[in-house]
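When a ligand or atom number is given, it counts from 1 through the structure's own listing order. Note that this is a predicted model, so its numbers are computed, not measured.
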Amino acid sequence: MITLDGNKTAKDIKDELAVEVKEITKAGQRPPHLVAVLVGNNGASVTYVNWKVKDCEEVGYKSTLLKLSDTVSEKELLDEIERLNEDDGVDGFIVQLPLPKHIDEQNVIRAIKPEKDVDGFHPENVGKMALNLPTFLPATPAGIIELLDRYNIETGGKHCVVVGRSHIVGMPISVLMSQNHYPGNCTVTITHSRTRNLEKLLKEADIIIAALGKPDFVTGEMVKKGAVVIDVGISRVPDTTKKSGYRIAGDVHFESVSKKSSFITPVPGGVGPMTRAMLLKNTMLAYKMRTH
Ligand code: NDP
(Lines give C-alpha, C1' and ligand atoms only; values in the text may rest on other atoms or scores of the structure.)
Protein backbone atom coordinates (compact mmCIF):
# COMPACT_ATOMS: atom_id res chain seq x y z
CA MET A 1 0.00 0.00 0.00
CA ILE A 2 1.32 3.42 -0.96
CA THR A 3 0.11 6.59 0.71
CA LEU A 4 -0.31 9.38 -1.83
CA ASP A 5 1.51 12.25 -0.18
CA GLY A 6 -0.40 15.41 -1.01
CA ASN A 7 1.83 17.57 1.18
CA LYS A 8 4.99 16.54 -0.63
CA THR A 9 3.44 16.67 -4.10
CA ALA A 10 1.94 20.10 -3.41
CA LYS A 11 5.33 21.30 -2.22
CA ASP A 12 6.94 20.03 -5.45
CA ILE A 13 4.36 21.99 -7.44
CA LYS A 14 4.95 25.12 -5.36
CA ASP A 15 8.71 24.79 -5.80
CA GLU A 16 8.24 24.55 -9.58
CA LEU A 17 6.02 27.64 -9.57
CA ALA A 18 8.49 29.57 -7.38
CA VAL A 19 11.21 28.89 -9.97
CA GLU A 20 8.92 30.23 -12.72
CA VAL A 21 8.16 33.35 -10.68
CA LYS A 22 11.88 33.98 -10.17
CA GLU A 23 12.43 33.77 -13.94
CA ILE A 24 9.53 36.17 -14.55
CA THR A 25 10.76 38.78 -12.08
CA LYS A 26 14.37 38.37 -13.22
CA ALA A 27 13.17 39.31 -16.70
CA GLY A 28 11.80 42.54 -15.21
CA GLN A 29 8.13 41.56 -15.30
CA ARG A 30 5.66 41.72 -12.45
CA PRO A 31 4.69 38.44 -10.71
CA PRO A 32 1.21 36.89 -11.02
CA HIS A 33 -1.45 38.55 -8.87
CA LEU A 34 -4.36 36.71 -7.21
CA VAL A 35 -7.16 38.50 -5.39
CA ALA A 36 -9.29 36.62 -2.86
CA VAL A 37 -12.66 38.15 -2.02
CA LEU A 38 -14.00 37.25 1.41
CA VAL A 39 -17.54 38.21 2.37
CA GLY A 40 -18.26 38.06 6.11
CA ASN A 41 -16.47 36.15 8.83
CA ASN A 42 -17.35 32.47 8.37
CA GLY A 43 -14.64 30.60 10.34
CA ALA A 44 -13.78 27.99 7.69
CA SER A 45 -13.83 30.60 4.89
CA VAL A 46 -11.47 32.90 6.81
CA THR A 47 -9.06 29.95 7.31
CA TYR A 48 -9.21 28.90 3.64
CA VAL A 49 -8.69 32.45 2.36
CA ASN A 50 -5.76 33.04 4.72
CA TRP A 51 -4.15 29.83 3.44
CA LYS A 52 -4.60 30.98 -0.14
CA VAL A 53 -2.93 34.32 0.59
CA LYS A 54 -0.07 32.56 2.42
CA ASP A 55 0.39 30.11 -0.48
CA CYS A 56 0.73 33.05 -2.89
CA GLU A 57 3.39 34.65 -0.71
CA GLU A 58 5.30 31.37 -0.52
CA VAL A 59 5.72 31.10 -4.29
CA GLY A 60 6.31 34.83 -4.83
CA TYR A 61 2.94 35.89 -6.25
CA LYS A 62 1.32 39.13 -5.30
CA SER A 63 -1.91 38.52 -3.40
CA THR A 64 -4.65 40.78 -2.16
CA LEU A 65 -7.33 39.91 0.35
CA LEU A 66 -10.47 41.92 -0.23
CA LYS A 67 -12.67 41.73 2.86
CA LEU A 68 -16.30 42.76 2.56
CA SER A 69 -18.90 42.90 5.31
CA ASP A 70 -21.57 40.18 5.38
CA THR A 71 -24.12 42.96 4.94
CA VAL A 72 -22.72 43.87 1.52
CA SER A 73 -25.49 43.88 -1.09
CA GLU A 74 -25.36 41.65 -4.17
CA LYS A 75 -25.11 44.79 -6.32
CA GLU A 76 -22.11 46.09 -4.33
CA LEU A 77 -20.37 42.70 -4.64
CA LEU A 78 -21.08 42.59 -8.38
CA ASP A 79 -19.61 46.11 -8.69
CA GLU A 80 -16.40 44.91 -6.96
CA ILE A 81 -16.25 41.95 -9.34
CA GLU A 82 -16.62 44.26 -12.31
CA ARG A 83 -13.77 46.38 -10.98
CA LEU A 84 -11.55 43.27 -10.63
CA ASN A 85 -12.58 42.10 -14.11
CA GLU A 86 -11.32 45.38 -15.55
CA ASP A 87 -8.18 45.76 -13.39
CA ASP A 88 -5.16 45.02 -15.59
CA GLY A 89 -3.01 44.36 -12.55
CA VAL A 90 -5.18 41.41 -11.46
CA ASP A 91 -4.63 38.08 -13.23
CA GLY A 92 -7.18 36.00 -11.40
CA PHE A 93 -9.57 36.21 -8.50
CA ILE A 94 -11.78 34.00 -6.41
CA VAL A 95 -14.87 34.78 -4.40
CA GLN A 96 -14.79 32.49 -1.37
CA LEU A 97 -17.97 30.42 -1.07
CA PRO A 98 -20.41 30.06 0.62
CA LEU A 99 -21.84 33.56 0.42
CA PRO A 100 -24.46 35.04 2.77
CA LYS A 101 -27.98 33.85 1.94
CA HIS A 102 -29.12 37.19 0.47
CA ILE A 103 -26.55 36.89 -2.34
CA ASP A 104 -27.17 34.59 -5.31
CA GLU A 105 -23.96 32.57 -5.78
CA GLN A 106 -24.70 31.76 -9.40
CA ASN A 107 -25.10 35.47 -10.24
CA VAL A 108 -21.72 36.10 -8.64
CA ILE A 109 -19.97 33.21 -10.43
CA ARG A 110 -21.43 34.29 -13.77
CA ALA A 111 -20.22 37.87 -13.23
CA ILE A 112 -16.55 36.80 -13.04
CA LYS A 113 -14.74 37.20 -16.35
CA PRO A 114 -14.00 33.62 -17.51
CA GLU A 115 -10.34 34.56 -18.22
CA LYS A 116 -9.91 35.49 -14.55
CA ASP A 117 -12.04 32.69 -13.07
CA VAL A 118 -9.19 30.71 -11.50
CA ASP A 119 -11.66 28.61 -9.48
CA GLY A 120 -13.01 27.28 -12.78
CA PHE A 121 -16.64 27.66 -11.66
CA HIS A 122 -17.94 29.94 -14.46
CA PRO A 123 -20.36 28.07 -16.79
CA GLU A 124 -18.10 28.90 -19.76
CA ASN A 125 -15.14 27.23 -18.07
CA VAL A 126 -17.24 24.26 -16.90
CA GLY A 127 -18.40 23.85 -20.51
CA LYS A 128 -14.82 23.98 -21.77
CA MET A 129 -13.81 21.39 -19.18
CA ALA A 130 -16.61 19.09 -20.34
CA LEU A 131 -15.48 19.50 -23.95
CA ASN A 132 -11.85 18.87 -22.99
CA LEU A 133 -10.79 22.33 -24.17
CA PRO A 134 -8.01 24.25 -22.41
CA THR A 135 -9.41 26.04 -19.36
CA PHE A 136 -9.12 26.44 -15.60
CA LEU A 137 -10.05 23.12 -14.00
CA PRO A 138 -11.70 23.40 -10.58
CA ALA A 139 -8.95 23.04 -8.00
CA THR A 140 -10.00 19.89 -6.14
CA PRO A 141 -10.62 17.68 -9.19
CA ALA A 142 -7.47 19.11 -10.80
CA GLY A 143 -5.53 18.21 -7.66
CA ILE A 144 -6.78 14.61 -7.80
CA ILE A 145 -5.81 14.33 -11.49
CA GLU A 146 -2.35 15.78 -10.77
CA LEU A 147 -1.81 13.32 -7.90
CA LEU A 148 -2.77 10.33 -10.06
CA ASP A 149 -0.47 11.64 -12.78
CA ARG A 150 2.55 12.31 -10.57
CA TYR A 151 2.28 8.83 -9.01
CA ASN A 152 1.86 7.25 -12.49
CA ILE A 153 -1.30 5.46 -11.41
CA GLU A 154 -2.87 3.45 -14.20
CA THR A 155 -6.41 4.62 -14.97
CA GLY A 156 -7.18 3.42 -18.52
CA GLY A 157 -10.10 0.99 -18.67
CA LYS A 158 -10.54 1.04 -14.90
CA HIS A 159 -13.89 1.28 -13.19
CA CYS A 160 -13.95 4.52 -11.21
CA VAL A 161 -16.76 5.02 -8.70
CA VAL A 162 -17.25 8.63 -7.58
CA VAL A 163 -19.33 9.19 -4.45
CA GLY A 164 -20.92 12.65 -4.56
CA ARG A 165 -22.12 14.81 -7.46
CA SER A 166 -21.45 18.37 -6.27
CA HIS A 167 -20.54 21.02 -8.84
CA ILE A 168 -17.13 21.55 -7.25
CA VAL A 169 -15.96 17.96 -6.79
CA GLY A 170 -18.11 14.95 -7.75
CA MET A 171 -19.45 16.16 -11.08
CA PRO A 172 -16.21 17.59 -12.51
CA ILE A 173 -13.99 14.68 -11.36
CA SER A 174 -16.47 12.26 -12.99
CA VAL A 175 -16.14 14.14 -16.26
CA LEU A 176 -12.34 14.30 -16.06
CA MET A 177 -11.91 10.62 -15.18
CA SER A 178 -13.97 9.62 -18.22
CA GLN A 179 -12.05 11.76 -20.73
CA ASN A 180 -10.08 10.25 -23.56
CA HIS A 181 -6.58 10.83 -22.20
CA TYR A 182 -4.38 10.02 -19.23
CA PRO A 183 -5.25 10.32 -16.37
CA GLY A 184 -8.71 9.31 -17.48
CA ASN A 185 -10.19 6.74 -19.85
CA CYS A 186 -12.06 5.27 -16.91
CA THR A 187 -15.52 3.78 -16.96
CA VAL A 188 -17.12 6.12 -14.45
CA THR A 189 -20.06 5.51 -12.15
CA ILE A 190 -21.23 8.67 -10.40
CA THR A 191 -23.18 8.00 -7.21
CA HIS A 192 -25.15 10.16 -4.74
CA SER A 193 -27.62 9.98 -1.88
CA ARG A 194 -30.29 8.32 -4.06
CA THR A 195 -27.96 5.59 -5.36
CA ARG A 196 -29.08 2.04 -4.64
CA ASN A 197 -26.54 -0.68 -3.84
CA LEU A 198 -23.68 1.75 -3.29
CA GLU A 199 -21.75 -0.90 -1.36
CA LYS A 200 -21.95 -3.32 -4.30
CA LEU A 201 -20.71 -0.61 -6.68
CA LEU A 202 -17.86 0.31 -4.36
CA LYS A 203 -16.79 -3.34 -4.11
CA GLU A 204 -16.54 -3.46 -7.91
CA ALA A 205 -14.48 -0.27 -8.16
CA ASP A 206 -10.83 -0.17 -9.22
CA ILE A 207 -10.72 3.52 -8.24
CA ILE A 208 -12.89 5.12 -5.56
CA ILE A 209 -13.21 8.88 -5.21
CA ALA A 210 -15.14 9.67 -2.04
CA ALA A 211 -16.54 13.21 -1.86
CA LEU A 212 -19.70 13.08 0.21
CA GLY A 213 -18.74 14.76 3.48
CA LYS A 214 -19.61 11.83 5.80
CA PRO A 215 -16.71 10.95 8.11
CA ASP A 216 -15.28 7.40 7.80
CA PHE A 217 -18.15 6.41 5.45
CA VAL A 218 -16.13 4.05 3.22
CA THR A 219 -14.86 1.11 5.24
CA GLY A 220 -12.51 -1.78 4.48
CA GLU A 221 -15.23 -4.30 3.73
CA MET A 222 -16.66 -2.05 0.97
CA VAL A 223 -13.37 -1.98 -0.94
CA LYS A 224 -11.85 -4.44 -3.39
CA LYS A 225 -8.28 -5.59 -2.77
CA GLY A 226 -5.85 -3.41 -4.74
CA ALA A 227 -8.26 -0.48 -5.22
CA VAL A 228 -6.99 3.08 -5.53
CA VAL A 229 -8.82 5.21 -2.95
CA ILE A 230 -8.99 9.00 -3.08
CA ASP A 231 -10.52 10.65 -0.03
CA VAL A 232 -11.79 14.18 -0.60
CA GLY A 233 -13.83 14.54 2.59
CA ILE A 234 -12.99 17.01 5.33
CA SER A 235 -15.20 16.87 8.42
CA ARG A 236 -14.70 17.97 12.00
CA VAL A 237 -15.45 15.15 14.42
CA PRO A 238 -15.68 15.91 18.16
CA ASP A 239 -12.60 14.49 19.92
CA THR A 240 -11.92 15.28 23.57
CA THR A 241 -8.31 14.05 23.31
CA LYS A 242 -7.49 17.00 21.02
CA LYS A 243 -6.76 20.48 22.26
CA SER A 244 -9.10 21.93 19.64
CA GLY A 245 -11.87 19.53 20.75
CA TYR A 246 -12.15 17.94 17.31
CA ARG A 247 -10.23 15.90 14.76
CA ILE A 248 -10.31 16.21 11.00
CA ALA A 249 -11.79 13.13 9.35
CA GLY A 250 -12.07 12.11 5.73
CA ASP A 251 -14.87 10.15 4.08
CA VAL A 252 -12.73 7.01 4.17
CA HIS A 253 -11.95 4.91 7.23
CA PHE A 254 -8.19 4.97 6.64
CA GLU A 255 -7.23 2.19 9.03
CA SER A 256 -9.43 -0.51 7.51
CA VAL A 257 -9.32 0.68 3.87
CA SER A 258 -5.54 1.08 3.74
CA LYS A 259 -5.19 -2.66 4.49
CA LYS A 260 -6.91 -3.40 1.16
CA SER A 261 -5.97 -0.50 -1.12
CA SER A 262 -2.95 -0.24 -3.43
CA PHE A 263 -2.86 3.57 -3.17
CA ILE A 264 -4.70 5.80 -0.73
CA THR A 265 -4.78 9.50 0.17
CA PRO A 266 -4.65 10.43 3.86
CA VAL A 267 -6.76 13.12 5.51
CA PRO A 268 -5.26 15.53 6.28
CA GLY A 269 -2.31 15.65 3.87
CA GLY A 270 -3.88 14.21 0.71
CA VAL A 271 -6.30 16.05 -1.56
CA GLY A 272 -6.44 19.21 0.63
CA PRO A 273 -2.92 20.51 -0.06
CA MET A 274 -3.27 19.53 -3.72
CA THR A 275 -6.39 21.70 -3.98
CA ARG A 276 -4.42 24.67 -2.68
CA ALA A 277 -1.54 24.04 -5.09
CA MET A 278 -3.88 23.87 -8.07
CA LEU A 279 -5.26 27.34 -7.38
CA LEU A 280 -1.70 28.59 -7.69
CA LYS A 281 -1.27 26.68 -10.95
CA ASN A 282 -4.47 28.19 -12.33
CA THR A 283 -3.27 31.67 -11.33
CA MET A 284 -0.02 31.11 -13.23
CA LEU A 285 -2.04 29.97 -16.25
CA ALA A 286 -4.22 33.11 -16.04
CA TYR A 287 -1.09 35.27 -15.82
CA LYS A 288 0.45 33.62 -18.87
CA MET A 289 -2.76 33.90 -20.88
CA ARG A 290 -2.91 37.63 -20.13
CA THR A 291 0.72 38.52 -20.58
CA HIS A 292 1.78 36.32 -23.54
P1 NDP B 1 -21.74 18.50 -1.07
O2 NDP B 1 -22.43 18.45 0.25
O3 NDP B 1 -21.98 19.65 -1.99
O4 NDP B 1 -22.07 17.16 -1.87
C5 NDP B 1 -22.08 15.92 -1.25
C6 NDP B 1 -22.50 14.87 -2.24
O7 NDP B 1 -22.47 13.61 -1.59
C8 NDP B 1 -23.91 15.06 -2.78
O9 NDP B 1 -23.91 14.82 -4.17
C10 NDP B 1 -24.72 14.02 -2.05
O11 NDP B 1 -25.78 13.47 -2.80
C12 NDP B 1 -23.68 12.93 -1.82
N13 NDP B 1 -24.02 12.10 -0.67
C14 NDP B 1 -24.37 12.50 0.58
N15 NDP B 1 -24.62 11.44 1.35
C16 NDP B 1 -24.43 10.34 0.59
C17 NDP B 1 -24.56 8.94 0.82
N18 NDP B 1 -24.91 8.47 2.02
N19 NDP B 1 -24.28 8.11 -0.19
C20 NDP B 1 -23.91 8.59 -1.41
N21 NDP B 1 -23.78 9.91 -1.68
C22 NDP B 1 -24.04 10.76 -0.70
O23 NDP B 1 -20.21 18.34 -0.72
P24 NDP B 1 -18.87 18.78 -1.51
O25 NDP B 1 -18.75 18.04 -2.79
O26 NDP B 1 -18.75 20.25 -1.50
O27 NDP B 1 -17.78 18.22 -0.49
C28 NDP B 1 -17.70 16.85 -0.15
C29 NDP B 1 -16.66 16.68 0.94
O30 NDP B 1 -15.40 17.07 0.43
C31 NDP B 1 -16.88 17.55 2.18
O32 NDP B 1 -16.40 16.86 3.32
C33 NDP B 1 -16.01 18.77 1.93
O34 NDP B 1 -15.59 19.40 3.12
C35 NDP B 1 -14.84 18.12 1.23
N36 NDP B 1 -14.11 19.01 0.33
C37 NDP B 1 -12.74 18.89 0.39
C38 NDP B 1 -11.96 19.64 -0.44
C39 NDP B 1 -10.50 19.45 -0.39
O40 NDP B 1 -9.77 20.31 -0.81
N41 NDP B 1 -10.01 18.32 0.11
C42 NDP B 1 -12.53 20.62 -1.37
C43 NDP B 1 -13.98 20.59 -1.42
C44 NDP B 1 -14.72 19.81 -0.58
P45 NDP B 1 -27.05 14.37 -3.30
O46 NDP B 1 -26.55 15.13 -4.48
O47 NDP B 1 -28.07 13.35 -3.64
O48 NDP B 1 -27.43 15.24 -2.14
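In plain terms, the two heavy atoms of S256 and H253 that are nearest each other are OG-ND1, 2.6 Å. Here the shortest heavy-atom pairing between A210 and V218 reads CB-CG2, 4.2 Å.
The protein atom (non-hydrogen) at minimum distance from atom 31 (C) of ligand 1 is G213 CA, 3.6 Å. For atom 25 (O) of ligand 1, the closest heavy atom belonging to the protein is S166 OG, 2.5 Å. Of the protein's non-hydrogen atoms, the one nearest atom 21 (N) of ligand 1 is H192 C, 3.1 Å. Closest protein heavy atom to atom 26 (O) of ligand 1: I168 CD1, 3.6 Å. Atom 16 (C) of ligand 1 has its closest protein heavy atom at L212 CD1, 3.6 Å. Remark: minimum distance from atom 42 (C) of ligand 1 to any protein heavy atom is reached at T140 OG1, 3.2 Å.
When atom types are taken as modelled, the side chain of D70 and the backbone of V39 share no donor-acceptor pair closer than 3.5 angstrom. Of the possible donor and acceptor atoms, none in the side chain of K203 sits under 3.5 Å from a partner among the backbone N and O of K224. In this structure a side-chain-to-backbone donor-acceptor pair under 3.5 Å is present from K260 to V223. Formation of a donor-acceptor pair under 3.5 Å by the S261 side chain with backbone atoms of I264 is not found in this model. The main-chain N or O of T240 is never found under 3.5 Å from a side-chain atom of Y246 such that the two would form a donor-acceptor pair.
Listed by atom number, the atoms of ligand 1 under 4.0 Å from A211 heavy atoms are 5 (C), 6 (C), 7 (O), 28 (C). Within ligand 1, the atoms closer than 4.0 Å to a non-hydrogen atom of V163 are 20 (C), 21 (N), numbered from 1 in the order shown. Listed by atom number, the atoms of ligand 1 under 4.0 Å from G272 heavy atoms are 40 (O), 41 (N). Annotation for ligand 1: atoms under 4.0 Å from non-hydrogen atoms of G164 are 6 (C), 7 (O), 9 (O), 12 (C). Residue-ligand proximity, L198 to ligand 1, at heavy-atom distances under 4.0 Å covers atoms 19 (N), 20 (C).
Hydrophobic clustering, with ILVMFWY side chains joined whenever heavy atoms are under 4.5 angstrom apart, keeps F217 apart from I230.
Geometrically, ligand 1 and R165 share a nitrogen or oxygen pair separated by less than 3.5 Å. At least one N or O atom of V232 sits closer than 3.5 Å to an N or O atom of ligand 1. Considering backbone and side-chain atoms together, S193 places an N or O closer than 3.5 Å to an N or O of ligand 1. The shortest N or O to N or O distance between I234 and ligand 1 is below 3.5 Å. Checked by distance only, ligand 1 and D251 stay at 3.5 Å or farther apart across all their nitrogen or oxygen atoms. Residue contacts with ligand 1: T191 is placed with no nitrogen or oxygen under 3.5 Å of a nitrogen or oxygen of the ligand (distance criterion only).
There is a protein heavy atom less than 4.0 angstrom from atom 19 (N) of ligand 1. Atom 48 (O) of ligand 1 lies below 4.0 Å from at least one non-hydrogen atom of the protein.
Using a 4.0 Å cut-off between charged side-chain N and carboxylate O, E57 and K54 make no salt bridge. Salt bridge annotation for K14-D55: present, with a cationic side-chain nitrogen under 4.0 angstrom from a carboxylate oxygen. Taking the charged nitrogens against the carboxylate oxygens, D79 and R83 have no contact shorter than 4.0 Å, which rules out a salt bridge. Ion pairing between E20 and K288 holds under the 4.0 Å rule for side-chain N and carboxylate O.
A side-chain N or O of H159 and one of T189 form a donor-acceptor pair less than 3.5 Å apart.
Residue contacts with ligand 1: T195 is excluded, as none of its non-hydrogen atoms falls under 4.0 Å.
Only the side chain of T275 comes within 4.0 Å of ligand 1, judged by heavy-atom distances. Contacts between V169 and ligand 1, counted as non-hydrogen atom pairs separated by less than 4.0 Å, involve the side chain only. When non-hydrogen atoms are compared, ligand 1 lies under 4.0 Å from the side chain of K214 (C-beta onward) but not from its backbone.
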Going through the checks in order, is the side-chain contact (heavy atoms from CB on, under 4.5 Å) test met by H167 and F121? CA-CA 8 Å; H167 289 173; F121 293 161; over 6 Å; no
